Amino acid sequence: MRILPTLFQNNRTWAKKMLESDPDFFNKLSKVQTPEYLWIGCSDSRVPANQIIGLMPGEVFVHRNIANLVVHTDLNCLSVIQYAVDVLKVKHIIVCGHYGCGGVKAALDNRENGLIDNWLRNIKDVYRLRQAEIDACATDAEKHSKLCELNVVEQVANVCHTSIVQNAWKAGQPVTVHGWIYGIGDGVLRDLDVCITGPEEVALTHRMK
Ligand code: CO
């Protein structure tokens, strides 16, 4: 007997439904993937990439970690970006944060949570960089939301600072990096309007020659 039988049953039902709408669906997908989008989002179970943006399997390449961070030395995230840009030739990289992010909240207080604190230090760096803006918020809830937003803005910059994206631009490959935030409470995505399309929009300190 299989363990977690409900999940296997769900899978059979889902696969059958997909085949009913397109008998060739899995056959086509097994041959090639040509997503136009790379999604970098939070691991939070309430923020599932495909469902939120209404895309089918094969349409979005996904990387998720706690608090949607793009850390300069994270081989995992960098490998995803490199494969997405160099091999899949995605046209858009979306960094999507969300309000109510537990990782961001943990970074705002000084409680100890174990190993993860070392990961959350990257969000504390954002807090330190933008402290005046965050501390100007009237309530703790507003501070939390503001840091969720500013964290996305910083991670968008981090994507653009990678040698991968800068080399793609240098080669004339169109790649646009977007910063979005999702509301768990209302299911709505908001564009943070920090879209970057080329090296001239990157800070001089990080622009490769
Ligand atoms: Co989160």
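Ligands are counted one by one from 1 in listed order, and the atoms in each one are counted from 1 as well. None of these values were measured; they are calculated from a predicted model.
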A.B. asks: Determine which pairs satisfy ring-ring contact (aromatic ring centres under 6.0 Å, His included) with at least one residue from residues 182-209, sequence neighbours left out, and list them in order.
C.D. replies: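 Sorted pair list: H161-H206.
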
A.B. asks: Show every side chain to side chain donor-acceptor pair (under 3.5 Å) that has at least one partner inside residues 47-62, sequence neighbours left out.
C.D. replies: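 Every candidate side chain to side chain donor-acceptor pair (under 3.5 Å) pair involving residues 47-62 fails, so no pair, neighbours aside, qualifies.
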
A.B. asks: Using every non-hydrogen atom in the two residues, find where Q173 and V90 come nearest and quote the distance to one decimal.
C.D. replies: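 What the structure gives for the nearest pair is NE2-O, 4.4 Å.
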
A.B. asks: Please identify each residue that fulfils salt bridge (charged side-chain N to carboxylate O under 4.0 Å, His left out) with R190, with sequence neighbours left out.
C.D. replies: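 Per chain and number, R190 pairs via salt bridge (charged side-chain N to carboxylate O under 4.0 Å, His left out) with D186.
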
A.B. asks: Using a cut-off of 2.8 Å, count how many protein N, O or S atoms are strictly closer to the Co ion (ligand 1).
C.D. replies: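 Counting protein N, O and S atoms closer than 2.8 Å to the Co ion (ligand 1) gives 3.
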
A.B. asks: Determine yes or no for a side-chain-to-main-chain donor-acceptor pair under 3.5 angstrom, with N151 supplying the side chain and L147 the backbone.
C.D. replies: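 The answer is no, because no donor-acceptor pair under 3.5 Å joins these two groups.
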
A.B. asks: Y37 and ring-ring contact (aromatic ring centres under 6.0 Å, His included): which partner among H63, H178, H92?
C.D. replies: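 Single pass found, and it is H92.
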
